[in-house]
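Report on the following structure.
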Amino acid sequence: MVRCIRVPKAAGEKVRRALIDAGELDPGHCIRVDGDSLLIPTTGDGMGYPVEDDELKAQTHAPTDYREIAEVPAALKDELPSSFDTVGDIAILKLEEPLLPYRHAVGTALLRVLPNLRAVFLDGGVKGEFRIRDLEKIAGEGTSETVHRETGTRMLTDPSVVYFNSRLANERARVAGLVCPGEVIIDMFAGVAPFGTVICKHAAPKVVYSIDLNPACERFMRENMRLNHIDNLVPITGDAVQAVRDLPSADRIIMNLPQIADRFLATALSKLKPTGTIHMHKILECTELPVFEQQLKKQMATAGYEIRIVQVTELKSYSPTMSVYVFDIQSEPLTASVSV
Ligand SMILES: C[S@@+](CC[C@H](N)C(=O)[O-])C[C@H]1O[C@@H](n2cnc3c(N)ncnc32)[C@H](O)[C@@H]1O
């Protein structure tokens, strides 16, 4: 038998909504029509309507969109996010201010429709030079440490301790596809080494030096080497500018620090073999692209490098008018001016 309240049909929708707002609707059972009344399954004390037991049918429709079952006020339904990130078995989502009091209901709804999820975290944004996320658990169990699967690899990460972006899977696979056997690669801003892990797993580089300033990254890098049976990745904790000084010249350099990577380009060029390629990430206004390219070439010429931008790819949008781009850059010997 199922606990329910008897409500006049005319008041049915209003009461159903009030039960949702109060978190007292039992979503596991169907509402039944009985003459002029509705029997609405509830977990509460009835909201002033008579409470009784009835053989209400179990809800068999399995919703696939968490927004269908999220117990939030009707007026806020449209503000529920239509997308969110998943990393391993956790989901990370942003909520608008009015939905914050209902964050646990939102998290619970996500767990109900996505049984592979273990926990849901509210995203408070990325902060500081380590680019780590401010996360609050709103449903589920355990911490935000998780194993993420990507392109045939498994990567331990924890977005509250180290930077991780599951949306760069295509870019990591693209770069891995460009790597020739025996390449020396430097990843200047490596995080938990997702680029290095995918490259070592799917290409045959001689070595990938994976540098990160955040001391927490090294444990994850080493664990990812173990998880993926990799022995040609070298984790380095420290500042990229200092660390590259002691490294050999590279065939390929990855620069995923999209706010300010261009400030490190001259350092990267100083370590690039003549035939090498740099993959530099950069956030830009879409309209700024041509000006940025010209300025970058000028700045590098002043630093003593002639560069060729061989390809620009938009990786993801960053705001309504800005995107993250990756610039594939090669260096050319400076053409000496000849005076006659
Ligand atoms: C946007 S994240 C990229 C992480 C990784 N490439 C990925 O795809 O997940 C940038 C990383 O650069 C690191 N970082 C910031 N400044 C640095 C510096 N001067 N030298 C080395 N690493 C730095 C941060 O700790 C962060 O992990």
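Read the numbers this way: they start at 1 and go in the same order the structure lists the ligands and their atoms.
- A salt bridge does not link D26 to R3: none of the charged side-chain nitrogens sits closer than 4.0 Å to a carboxylate oxygen.
- Note: F292 and F327 have tilted aromatic rings, judged against thresholds of 30 and 60 degrees for the angle between ring planes.
- An N or O contact shorter than 3.5 Å links D239 to ligand 1 by distance.
- For the pair D187 and ligand 1, the shortest N or O to N or O distance does not fall below 3.5 Å.
- The shortest N or O to N or O distance between A240 and ligand 1 is below 3.5 Å.
- Taking each of N214, L257, I236, L213 in turn, the one with a heavy atom nearest to atom 22 (N) of ligand 1 proves to be L213.
- Ligand 1 lies within reach of G238, whose nearest heavy atom is under 4.0 Å from it.
- Ring centroid separation for the pair Y163 and F189 does not come in under the 6.0 Å cut-off.
- Look at K297 and E293 and you find no salt bridge, because none of the NZ, NE, NH1 or NH2 atoms lies under 4.0 Å from a carboxylate O.
- With respect to atom 27 (O) of ligand 1, the closest heavy atom belonging to the protein is D212 OD2, 2.7 Å.
- For the pair F189 and ligand 1, the shortest N or O to N or O distance falls below 3.5 Å.
- Using a 4.0 Å cutoff on heavy atoms, H281 does not count as a contact of ligand 1.
- At least one test fails for R174 against the ring of F195: distance under 6.0 Å to the centre or angle within 45° of the axis.
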